[in-house]
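Have a look at the structure below before the remarks.
From a predicted model like this one, the values you see are computed outputs, not experimental measurements. One-based numbering along the sequence shown.
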Amino acid sequence: MGIRQKLLSFLFSQLILVLMVSNHSNAMGLKLGYYHKTCPNAESIISKTTYRFISRAPTLAAPLLRMHFHDCFVRGCDGSVLLNSTKTNISEKDAIPNQSLRGYHVIDAVKSAVEEACPGVVSCADILALVARDSVSMIHGPYWKVPLGRRDGRVSILNEVFAELPAPFANITQLKQMFAAKGLNTKDLAVLSGGHTIGTSHCIGFTNRLYNFTGKGDTDPSMDPKYIVKLKQKCKPRDTTTLVEMNPGSFKTFDEAYYTLVAKRRGLLQSDAALLDDPETKAYVILQASTHGSTFAKDFAESMVKMGQVGVLTGNQGEIRKHCALVN
């Protein structure tokens, strides 16, 4: 009986281990140079096509980076954010946090260039991961090697976005929990938040901090009052259309200026300001702000590789879509 109990106990512990690593195991199916034999020019075609757009419109880099982030946080990096809604299903794309995404035309152009060279080989999920990397590096950001082999998911559900994607109003506890659920740690949170060094936000993402923070017509005490005065000039209380630079004066260049802003209590979103509410994230903000981003580029590259492996489909899972907005 003792031996049987030991055996059962051992098998149970093995099962727990399997469950723990299942979130990361598929990432092991990704590798550098994955298309080396099946589509040798894939990465170069993707890079050239991306450059055609970013060279003309560098402001596209931010939404393309954000698109990859939004994809990975809901169902993993499976290209589900790219799928159109159908008569019977409203997809992630139509959820409010994704309605401000743009750059789908870039993904479509890249996909059709790749399909012309190698039909049915390169996934939309891999294309999105590479386009995000190339866009960042084309506006003076870091470059990282992207392990490939992701497959495309067949499911995209609007409601999952609200449950999985960190909101601009999230506090530090919520942010840490949501990142941890994806296998990303507190440092990854501080590092990936630095992606806000580029791009813009609609006023609606932060006007509560300017006009009605606790429902009493007050402002957010964690924001620099002088900055509040400036922002009020751009955003009126019910403004839903105006865009404001995340990183004024440097929103088209990938640099460490975001951390300087956050350290001065000028982070635009509540989720930016929240980085000052935790000892580890605050220390990271201060480090980058005081050393001109001494480790930011390297850290960002590492965290992006990590994020790009969240919940991926590999092997025979999913499919390789013919068109990124439609399941086959």
Side-chain angles (χ1 to χ4, degrees), residues 17-36 38-39 42-43 46-47 50 64-83 92 107 110-111 114 121-137 141-156 160-161 163-166 175-195 295-321 324:
L17 191 63
V18 166
L19 291 172
M20 280 172 65
V21 300
S22 65
N23 192 34
H24 305 287
S25 62
N26 284 350
M28 304 307 286
L30 302 183
K31 61 178 189 181
L32 297 173
Y34 179 83
Y35 297 109
H36 182 61
T38 52
C39 191
E43 292 194 48
I46 291 167
S47 183
T50 303
L64 287 165
L65 172 62
R66 190 164 154 241
M67 194 185 289
H68 180 39
F69 177 81
H70 284 212
D71 182 36
C72 293
F73 263 71
V74 184
R75 289 195 164 261
C77 314
D78 67 343
S80 56
V81 75
L82 304 170
L83 288 171
E92 293 170 32
I107 303 298
V110 169
K111 176 65 170 169
V114 172
V121 174
V122 182
S123 70
C124 298
D126 273 346
I127 284 172
L128 182 49
L130 287 166
V131 167
R133 187 271 315 270
D134 290 341
S135 302
V136 167
S137 74
Y143 179 92
W144 58 93
K145 290 179 177 175
V146 179
L148 301 169
R150 294 166 191 78
R151 307 265 298 172
D152 295 323
R154 296 189 183 98
V155 178
S156 182
E160 291 184 353
V161 175
E164 303 291 330
L165 195 65
L175 291 168
K176 285 168 75 172
Q177 284 169 349
M178 294 180 105
F179 271 67
K182 306 297 171 194
L184 299 169
N185 61 29
T186 305
K187 182 181 179 184
D188 296 316
L189 164 60
V191 172
L192 292 172
S193 296
T295 64
F296 177 48
K298 177 177 126 334
D299 292 341
F300 192 80
E302 285 171 9
S303 289
M304 282 300 293
V305 171
K306 210 170 153 185
M307 186 192 80
Q309 297 177 344
V310 169
V312 293
L313 302 175
T314 58
N316 296 322
Q317 298 168 314
E319 64 184 18
I320 304 295
R321 283 181 219 147
C324 290

Rounded to the nearest 0.5 Å, how far does [atom2] of [Y] lie from [atom1] of [X]?
| X | Y | atom1 | atom2 | result |
| --- | --- | --- | --- | --- |
| H68 | L130 | NE2 | CG | 8.5 Å |
| S80 | L313 | OG | CG | 9.0 Å |
| S135 | L64 | OG | CG | 4.5 Å |
| L175 | S193 | CG | OG | 7.0 Å |
| Y34 | T314 | OH | OG1 | 8.0 Å |
| R321 | C124 | CZ | SG | 5.0 Å |

Salt bridge (Lys or Arg N to Asp or Glu O under 4.0 Å): which pairs involve [range], sequence neighbours left out?
| range | value |
| --- | --- |
| residues 66-77 | R75-E160 |
| residues 298-307 | K187-D299, D188-K306, K298-E302 |
| residues 141-155 | D126-R150, R154-E319 |

(message) The criterion is side chain to side chain contact (heavy atoms under 4.5 Å, CB included); which residues satisfy it with Q177, sequence neighbours excluded?
(response)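 By the side chain to side chain contact (heavy atoms under 4.5 Å, CB included) rule, Q177 matches T173.
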(request) Can you sort out the partners of S47 under side chain to side chain contact (heavy atoms under 4.5 Å, CB included), two or more places apart, ordered by chain and number? (result)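 With sequence neighbours excluded, S47 shows a side chain to side chain contact (heavy atoms under 4.5 Å, CB included) to D134, M138, given in chain and number order.
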Where is the tightest heavy-atom contact between [X] and [Y], given as atom of each residue plus distance?
| X | Y | answer |
| --- | --- | --- |
| F73 | L165 | CB-CD1, 3.8 Å |
| A42 | Y35 | CB-CB, 4.3 Å |
| C72 | V310 | O-CG1, 3.6 Å |
| V131 | T50 | CG2-OG1, 3.6 Å |
| A125 | D78 | CB-C, 3.7 Å |

(request) Verify side-chain contact (heavy atoms from CB on, under 4.5 Å) between V114 and I46, making sure each step is shown before the conclusion. (result) CA-CA 7 Å; V114 172; I46 291 167; 3.6 Å; yes
(message) Tell me if a side-chain donor or acceptor on S156 pairs with a main-chain N or O of E92 at a distance below 3.5 Å.
(response) yes
(message) Using a 3.5 Å distance criterion without hydrogens, assess whether the side chain of K111 forms a donor-acceptor pair with backbone atoms of V122.
(response) yes
(request) Verify side-chain contact (heavy atoms from CB on, under 4.5 Å) between V146 and L30, making sure each step is shown before the conclusion. (result) CA-CA 9 Å; V146 179; L30 302 183; over 6 Å; no
Is any side-chain heavy atom of [X] closer than 4.5 Å to a side-chain heavy atom of [Y]?
| X | Y | result |
| --- | --- | --- |
| P142 | V136 | yes |
| L65 | M304 | yes |
| M178 | L189 | no |

(message) Does the plane of the ring in F300 sit parallel, tilted or perpendicular to the ring in W144? Use 30° and 60° as the thresholds.
(response)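 Perpendicular, since the angle between the ring planes exceeds 60°.
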(request) Go through the structure and list residues passing side-chain hydrogen bond (donor to acceptor under 3.5 Å, both in side chains) with E43, not counting sequence neighbours. (result) none
